[in-house]
Asker: 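Take a look at the following structure, please.
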Amino acid sequence: FYSYVQDYITVHNQLNRSLSKSARSYENVDAQFFGGEVDLRLSLTQELFLFGGMSYVQGRKETKPEKNIRSSRVAEIPPLKTRLALRYDKGMYFGEVETILSATQNRVDRDLREEETSGYGVVNIKVGGNFKGFTITAGIDNVFDKKYFEHLSYQRDPFRSGVKVPEPGRTFYVNASYTF
């Protein structure tokens, strides 16, 4: 996709002269966004399936040095992200192993003090079964208990202070549902 946004509203820091402190304000600038998404679903056998996907976005904005907008990078843009999963499915029961990989978020708005966020990779496992309208799914997300951070938002509390909040570690779950 490609999108040109006239009068995109961007957050920027400005000097509050009466308080001699920095303050946040908003400014209209022209911006461009482009990227894409790819999704793969492949049947290897009658019971074995390969799933994959990838997404990428990039944003650029007009600079206005007189307004303290020097970075052409748009804030809060996610990095390249990929998902790859292998699923064994017999209809009544299934098992799936998935990996999610995220690149380093290095396209950051330095004017807002956004910092790069390291890339990561996690592995998730889930199993489930279906019987007479009942579905039960159990799984483990982040199997190897990897400490990682999603790309960050610095515009809203508590993130605007630059505090990095890690994603959950290893997580176990069980879901049950009934369809009638």
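FYI, side chains are in, hydrogens and waters are out, and symmetry mates aren't considered; it's all heavy atoms of this structure.
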Asker: Please answer whether the main-chain N or O of Thr45 pairs with a side-chain N or O of Ser43 as donor and acceptor at a distance below 3.5 Å.
Answerer: yes
Asker: Under 6.0 Å from the CZ atom of Phe131, do we count more than 12 heavy atoms belonging to anything else shown?
Answerer: no
Asker: Assess the pair Tyr2 and Phe34: is the distance between their ring centroids shorter than 6.0 Å?
Answerer: no
Asker: Between the main-chain N or O of Val127 and the side-chain N or O of Glu96, is there a donor-acceptor pair closer than 3.5 Å?
Answerer: no
Asker: I want to check something: taking the side chain as every heavy atom from C-beta on, are Phe49 and Tyr88 in contact at a cut-off of under 4.5 Å?
Answerer: no
Asker: Closest heavy-atom contact between Pro79 and Ser102?
Answerer: CG-OG, 3.5 Å
Asker: Using a 4.5 Å cut-off on heavy atoms from C-beta on, say whether the side chain of Met54 contacts that of Arg83.
Answerer: no
Asker: Would one find more than 12 heavy atoms of other residues, nucleotides or ligands at under 6.0 Å from atom CD1 of Ile136?
Answerer: no
Asker: Would a 4.5 Å heavy-atom cut-off, applied to side chains only, mark Asp30 and Val5 as touching?
Answerer: no
Asker: Do the side chains of Glu116 and Arg110 get close enough for a salt bridge, i.e. N-O under 4.0 angstrom?
Answerer: yes
Asker: Is the shortest side-chain heavy-atom distance between Asn28 and Ile9 below 4.5 Å?
Answerer: yes
Asker: Quick one: pull up CG in Leu40 and CG in Leu84 and give me the separation to the nearest 0.5 Å.
Answerer: 8.0 Å
Asker: Considering residues at least two apart in sequence or located in another chain, which fulfil the side-chain hydrogen bond (donor to acceptor under 3.5 Å, both in side chains) criterion with Glu47?
Answerer: none
Asker: Show your working on side chain to side chain donor-acceptor pair (under 3.5 Å) between Glu150 and Tyr120 and close with a plain yes or no.
Answerer: CA-CA 9 Å; Glu150 279 280 352; Tyr120 64 87; 2.9 Å; yes
Asker: Do Thr63 and Arg70 have side-chain N/O donor and acceptor atoms under 3.5 Å apart?
Answerer: no
Asker: Could you pull out the closest heavy-atom pair between Asn142 and Val122, with the gap in Å?
Answerer: OD1-CG1, 3.8 Å
Asker: Verify whether the ring centers belonging to Phe33 and Tyr8 lie closer than 6.0 Å.
Answerer: yes
Asker: Restricting to non-hydrogen atoms, name the atom on Thr10 and the atom on Val29 that form the minimum distance, rounded to 0.1 Å.
Answerer: CG2-CG2, 3.9 Å
Asker: Is a donor on one side and an acceptor on the other found under 3.5 Å between the side chain of Thr179 and the backbone of Ser177?
Answerer: no
Asker: Identify the heavy atoms of Leu112 and Ala75 that sit nearest to each other, and give their distance.
Answerer: CD1-CB, 3.9 Å
Asker: Would you say the side chain of Val38 lies within less than 4.5 Å of the side chain of Tyr56, judging by non-hydrogen atoms?
Answerer: no
Asker: Write down the atom of Asp111, the atom of Asn68, and the distance for their closest heavy-atom approach.
Answerer: OD2-O, 3.7 Å
Asker: For Phe51, is the NZ or CZ atom of Arg87 found under 6.0 angstrom from the centre of its six-membered ring and inside 45 degrees of the ring axis?
Answerer: no
Asker: From Ser72 OG over to Arg60 CZ, what is the distance, rounded to the nearest 0.5 angstrom?
Answerer: 4.0 Å
Asker: Counting neighbours of OH on Tyr173 that are heavy atoms of other residues, nucleotides or ligands and sit closer than 6.0 Å, is the number greater than 12?
Answerer: yes
Asker: For the residue pair Ile69 and His12, what are the closest heavy atoms and their distance?
Answerer: CG1-CB, 3.6 Å
Asker: When you measure from the side chain of Thr104 to the backbone of Asn106, do you find a donor-acceptor pair of N or O atoms at a distance under 3.5 Å?
Answerer: no
Asker: Hey, what do you get for CZ (Phe172) to CD1 (Ile125), rounding to the nearest 0.5 Å?
Answerer: 10.0 Å
Asker: Find out whether Gln6 and Glu62 are in side-chain contact, i.e. whether some heavy atom of one side chain is under 4.5 Å from a heavy atom of the other.
Answerer: no
Asker: State whether the number of non-hydrogen atoms from other residues, nucleotides or ligands found under 6.0 Å of Lys90 atom NZ is greater than 12.
Answerer: no
Asker: Check Glu114 with Arg107, please: is the shortest side-chain N to carboxylate O separation under 4.0 Å?
Answerer: no
Asker: Are the side chains of Leu44 and Leu42 in contact, using a 4.5 Å heavy-atom criterion?
Answerer: yes
Asker: Are Lys61 and Asp109 close enough that some pair of their side-chain heavy atoms sits under 4.5 Å apart?
Answerer: yes
Asker: Using a strict threshold of under 4.0 Å (side-chain N to carboxylate O), is an ion pair present between Asp141 and Lys126?
Answerer: no
Asker: Got a sec, which residues hit side-chain hydrogen bond (donor to acceptor under 3.5 Å, both in side chains) with Arg170, two or more places apart in sequence or on another chain?
Answerer: none
Asker: With no hydrogens and no angle check, just 3.5 Å: does a side-chain donor-acceptor pair link Asn130 and Thr135?
Answerer: yes
